[in-house]
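Just so we're clear, the structure is a prediction, and the values are computed from it rather than from any experiment. Remember, it's 1-based here, ligands and their atoms both numbered in the order they're listed.
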Amino acid sequence: MKYENIHTSVRDAVAIVTLNRPKVLNALSHDMMTELADAVDGFEADDAIGVILLTGNEKAFAAGADIAEMVEKTSVDMYMSDHFARNWERISKCRKPIIASVAGHALGGGCELAMMCDIIICADNARFGQPEVKLGVLPGIGGTQRLIRAVGKAKAMDMCLSGRTMDAREAERAGLVSRVYAADVLEVEAMKLAAEIAGMSRPALYMIKEAINRAYETTLSEGLHFERRLFHAAFAMQDQGEGMRAFLEKRAPEWTHS
Ligand code: HXC
């Protein structure tokens with residue numbers, strides 16, 4: 001598939017996907033999300049890729065779903081096409097780690113897309129928000145659900161009901177993002193983090209991601225049980241023996257991802 005709304009590249013084991021509709025601050029269109037889903041399909045199936053890095057430009061990660069594309073839709077249109085399902089959610093179903101590297105606006109669907117990723121890091125000019133209330137609607141792809149889990153009820157309600165944005169420092173304090181960098185070094189730092197994670201044992205990464213995500217869906221005792229079973233299963237992996245032996249032999253591990 002030839003992409004018109006995103007750009008993709010590969011550096012070693014890191015796949016970089018750049019949202020690319022700069023004239024509309026990377027507003028998320030149907031075509032863009034189809035391309036994004038196709039790119040994730042390809043990179044998830046590619047054994048050479050360990051991590052996907054999703055990014056925008058210095059002004060915007062994404063300023064939300066494309067309002068022009070939605071304005072004339074009816075409720076029946078939205079319901080029958082199950083708008084915002086499938087390709088719009090593809091990122092959240094990927095088993096490989098995905099890092100969102102955010103500079104500038106991450107609003108509405110843009111904030112929701114970042115929250116579908118596993119880690120959000122951002123530039124000091126980043127702004128996060130769910131301003132849908134100002135359009136007479138509400139978040140439609142996880143804003144009311146993932147935001148509360150990231151920042152708690154008080155801030156989630158505040159942001160969704162008032163439509164206000166959070167700056168990078170508040171987002172870091174609140175737990176929405178894990179790291180904040182000066183805007184001019186974000187790209188380099190994002191690549192460093194992605195490469196570091198891509199250098200780990202793939203099956204261990206998959207297990208960790210699956211176990212953490214399970215915490216959203218289950219009770220503590222079930223989650224602990226699930227984690228312990230995965231931990232036991234990890235001892236069937238060559239990478240477990242290699243990782244532990246490498247530590248004791250004071251050398252770098254050589255993962256076989258098996
Ligand atoms: C379509 C958009 C857009 C969007 C910006 N643009 N956001 N087009 N959909 N979400 C377009 C503008 O119309 C404008 O086009 C160009 O991008 C530059 O935007 P400006 O507004 O001129 O820039 P600025 O003054 O710097 O303001 C930046 C901004 C503002 C604060 C981010 O653009 C803004 O408030 N955008 C909308 C944010 C929003 O409401 N997002 C939620 C969308 S609903 P022209 O042609 O005039 O140059 C949503 C629902 C999610 O996301 C449901 C699940 C996905």
Query raised in the report: With a 4.5 Å limit on heavy-atom distance, are the side chains of Phe128 and Thr165 in contact?
Result: no
Give a yes or no on whether a salt bridge exists between [X] and [Y], defined as a side-chain N under 4.0 angstrom from a carboxylate O.
X	Y	value
Glu187	Lys192	no
Lys155	Glu170	yes
Arg90	Asp38	no

Requested in this report: Treat each ILVMFWY residue as a node, draw an edge where side-chain heavy atoms are under 4.5 Å apart, and state whether Ile49 and Leu54 are in one component.
Outcome: yes
**Report entry** Matching residue for Ile99 among Ile120, Asp118, Ile197 - test: side-chain contact (heavy atoms from CB on, under 4.5 Å)
**Finding:** Ile197
**Report entry** For ligand 1, the residues whose heavy atoms come within less than 4.0 Å (ordered by chain, then number)
**Finding:** Lys23, Val24, Leu25, Ala27, Ala63, Gly64, Ala65, Asp66, Ile67, Met70, Phe84, Trp88, His105, Leu107, Gly108, Gly109, Glu112, Pro131, Glu132, Leu135, Gly140, Ile141
